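Chain letters run A, B, ... following the sequence lines, proteins first and then strands; every chain starts at 1. Here the structure is a predicted model, which is why all the values come from computation and not from measurement.
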Amino acid sequence: MNDDKEATSSERNCSTEFQSPQQMDWIRIQDSLKRQLITEDDFKWRLPSTMMNEREKEGSNCEILLKYVGGVDLSFSKEDSSIACGTLVVLDFQTLKVVYEDSSIVRLHIPYLPGFLAFREAPVLLELLDKMKKNAHPFYPQLLMVDGNGLLHPRGFGLACHIGVLADLPTVGVGKNLHHVDGLTESRVREILRAADSPENVLPLIGDSGCTWGAAMQSSHGSLKPIFISVGHRVSLATAIETVKMTCRFRVPEPIRQADIRSRERLRNHQ
DNA sequence: GCGACAG
DNA sequence: ATCTTGTCGC
């Protein structure tokens with residue numbers, strides 16, 4: 001009766017052999033949704049031409065330029081950690097100005113568990129997207145950047161993939177911390193970055209299995225700490241990296257940074 | 001067996 | 001995720 005005040009470590013940290021029934025359900029859902037996942041470029045727009053567009057094979061088939069880039073994030077109340085503010089922003093890809101903003105303050109009943117972030121955070125964010133779509137808003141994002149990983153996930157289906165499939169939207173995952181997967185650790189990443197012959201600031205994250213899970217990128221010349229880019233849905237890793245590069249004024253790409261700032265601000269002014 | 005684990 | 005001041009640098 002009184003042993004429920006603190007979650008025991010056995011409740012939170014289950015080894016992969018012993019998942020709770022809830023987690024087994026979630027794993028089935030992730031595996032099921034993953035069958036719809038597309039990990040290559042599949043969209044009708046193109047990136048504004050930069051000087052180095054080395055991929056001109058598709059030529060000028062598409063006239064539509066990428067203009068509306070979305071970003072999503074959640075902030076949490078410090079006194080009541082179950083109170084959260086989910087925020088969706090849309091930026092003009094060229095000017096990086098915010099052209100749309102909406103947020104929703106909700107009470108979350110699902111705890112954070114590594115590997116199951118989507119079940120906690122995706123519902124609010126999908127609702128914000130849906131609201132915009134129902135209204136046929138002209139600024140509905142053509143690409144969405146998500147504060148959390150995509151393929152860089154124990155089962156290859158992180159929050160960015162989850163949102164991408166359910167909203168049927170191209171998504172890119174951006175993590176600020178590394179989720180340890182397939183032997184990838186901070187020390188391994190530091191090693192990879194240091195051992196790079198070329199002065200590249202973006203390097204692929206290749207795990208023990210030889211699988212490429214995403215890329216580590218040192219942005220904005222200031223921070224030694226990299227961000228972790230991975231494919232969400234309907235984008236290739238190359239495109240994911242390119243779009244992040246083009247929207248990075250600081251360490252975190254602008255769409256996610258603006259969602260983060262405005263989400264926190266909205267929560268402050270509400271309490 | 002123990003530790004590690006996005007936000 | 002959240003708690004927090006000054007400080008070093010472009």
Side-chain angles (χ1 to χ4, degrees), chain A residues 7-20 23 26-27 30 71-87 103 105-126 145-164 171-189 205 207-208 213-217 219-232 240 244 249-253 256-257 259-268 270-271:
Chain A
T8 63
S9 58
S10 59
E11 276 178 324
R12 280 197 311 275
N13 302 327
C14 296
S15 68
T16 45
E17 289 87 3
F18 301 108
Q19 301 286 351
S20 73
Q23 289 173 20
W26 283 344
I27 290 175
Q30 287 175 332
V72 284
D73 187 34
L74 268 76
S75 292
F76 295 86
S77 163
K78 56 178 181 179
E79 45 267 337
D80 186 348
S81 60
S82 70
I83 299 291
C85 174
T87 296
S103 62
I105 294 178
V106 294
R107 167 160 253 128
L108 299 181
H109 300 96
I110 296 179
Y112 165 68
L113 294 171
F116 303 100
L117 179 64
F119 296 95
R120 177 172 163 85
E121 298 199 350
V124 199
L125 303 176
L126 287 168
M145 293 193 182
V146 176
D147 189 2
N149 297 319
L151 287 186
L152 180 50
H153 177 273
R155 287 165 297 280
F157 199 77
L159 176 62
C161 301
H162 200 108
I163 291 177
T171 56
V172 171
V174 179
K176 298 182 289 295
N177 292 99
L178 180 64
H179 193 159
H180 293 198
V181 158
D182 194 17
L184 293 169
T185 63
E186 283 82 358
S187 57
R188 280 271 300 135
V189 171
L205 289 170
D208 289 340
W213 297 84
M217 171 177 163
S219 47
S220 76
H221 292 178
S223 56
L224 267 285
K225 186 173 182 177
I227 59 175
F228 303 96
I229 305 167
S230 59
V231 167
V244 168
R249 288 154 69 89
F250 302 100
R251 184 168 93 101
V252 172
I256 290 176
R257 186 171 161 268
D260 178 75
I261 291 172
R262 289 158 193 256
S263 175
R264 191 166 307 166
E265 195 167 60
R266 169 89 153 77
L267 206 48
R268 266 207 328 255
H270 194 264
Q271 305 173 133

Does any non-hydrogen side-chain atom of [Y] lie less than 4.5 Å from one of [X]?
{"X": "A:Leu184", "Y": "A:Phe228", "answer": "no"}
{"X": "A:His179", "Y": "A:Pro154", "answer": "yes"}
{"X": "A:Phe119", "Y": "A:Gln30", "answer": "yes"}

Using whole Å, report how far [atom1] of [X] lies from [atom2] of [N].
{"X": "A:His179", "N": "B:dC5", "atom1": "NE2", "atom2": "C1'", "value": "4 Å"}
{"X": "A:Arg264", "N": "B:dG7", "atom1": "CZ", "atom2": "C1'", "value": "12 Å"}
{"X": "A:Leu178", "N": "B:dA6", "atom1": "CG", "atom2": "P", "value": "8 Å"}
{"X": "A:Phe119", "N": "B:dC5", "atom1": "CZ", "atom2": "P", "value": "22 Å"}

At under 4.0 Å between heavy atoms, what does [X] touch on the DNA or RNA strands: base, sugar-phosphate, or nothing?
{"X": "A:Gly158", "result": "base"}
{"X": "A:Leu159", "result": "base"}
{"X": "A:Phe116", "result": "base"}
{"X": "A:Ser75", "result": "sugar-phosphate"}

Flag, side chain of A:Arg251 to backbone of A:Lys225, donor-acceptor distance under 3.5 Å =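 Pair found, side chain donor or acceptor close to backbone of A:Lys225.
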Kindly say whether A:Gly115 contributes a backbone atom to a donor-acceptor pair with the side chain of A:Arg155 at under 3.5 angstrom?
->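 Yes; judged by distance alone, with no hydrogens or angles, the pair exists.
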Looking only at side-chain N and O atoms, does A:Asn177 come under 4.0 Å of OP1 or OP2 in B:dG7?
->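 Yes, such a contact exists.
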Is the distance from OP1 or OP2 of B:dC5 to the nearest side-chain N or O of A:His180 less than 4.0 Å?
->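 Checking A:His180 against B:dC5: at least one side-chain N or O falls below 4.0 Å of OP1 or OP2.
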Of the non-hydrogen atoms in A:Cys161 and A:Thr171, which two are nearest, and what is the gap between them?
->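 Answer, listing the atom of A:Cys161 first, then A:Thr171: N-OG1, 4.5 Å.
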In dot-bracket, 5' to 3', how would DNA chain B read with Watson-Crick or G-U wobble pairs under 3.5 Å, [ ] for crossing ones and | for pairs to another strand?
-> .......
A:Thr87 side chain to A:Arg262 side chain, donor-acceptor N/O pair below 3.5 angstrom =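 Short answer, no.
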When Watson-Crick pairs (N1 to N3 and N6-O4 or O6-N4) and G-U wobble pairs (N1-O2 and O6-N3) count only below 3.5 Å on both distances, what is the dot-bracket string of DNA chain C, with | for other-strand pairs?
-> ..........
Criterion side chain to side chain contact (heavy atoms under 4.5 Å, CB included) against A:Arg120, the qualifying member of A:Ile110, A:Leu74, A:Leu113 |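 Result for side chain to side chain contact (heavy atoms under 4.5 Å, CB included) with A:Arg120: A:Ile110.
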Determine, stepwise, if the pair A:Leu117 / A:Asn149 fulfils side-chain contact (heavy atoms from CB on, under 4.5 Å).
-> CA-CA 9 Å; A:Leu117 179 64; A:Asn149 297 319; over 6 Å; no
Where does the chain A footprint on DNA chain C start and end, counting 5' to 3' with a 4.0 Å heavy-atom cut-off?
->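 It runs C:dA1 to C:dC3.
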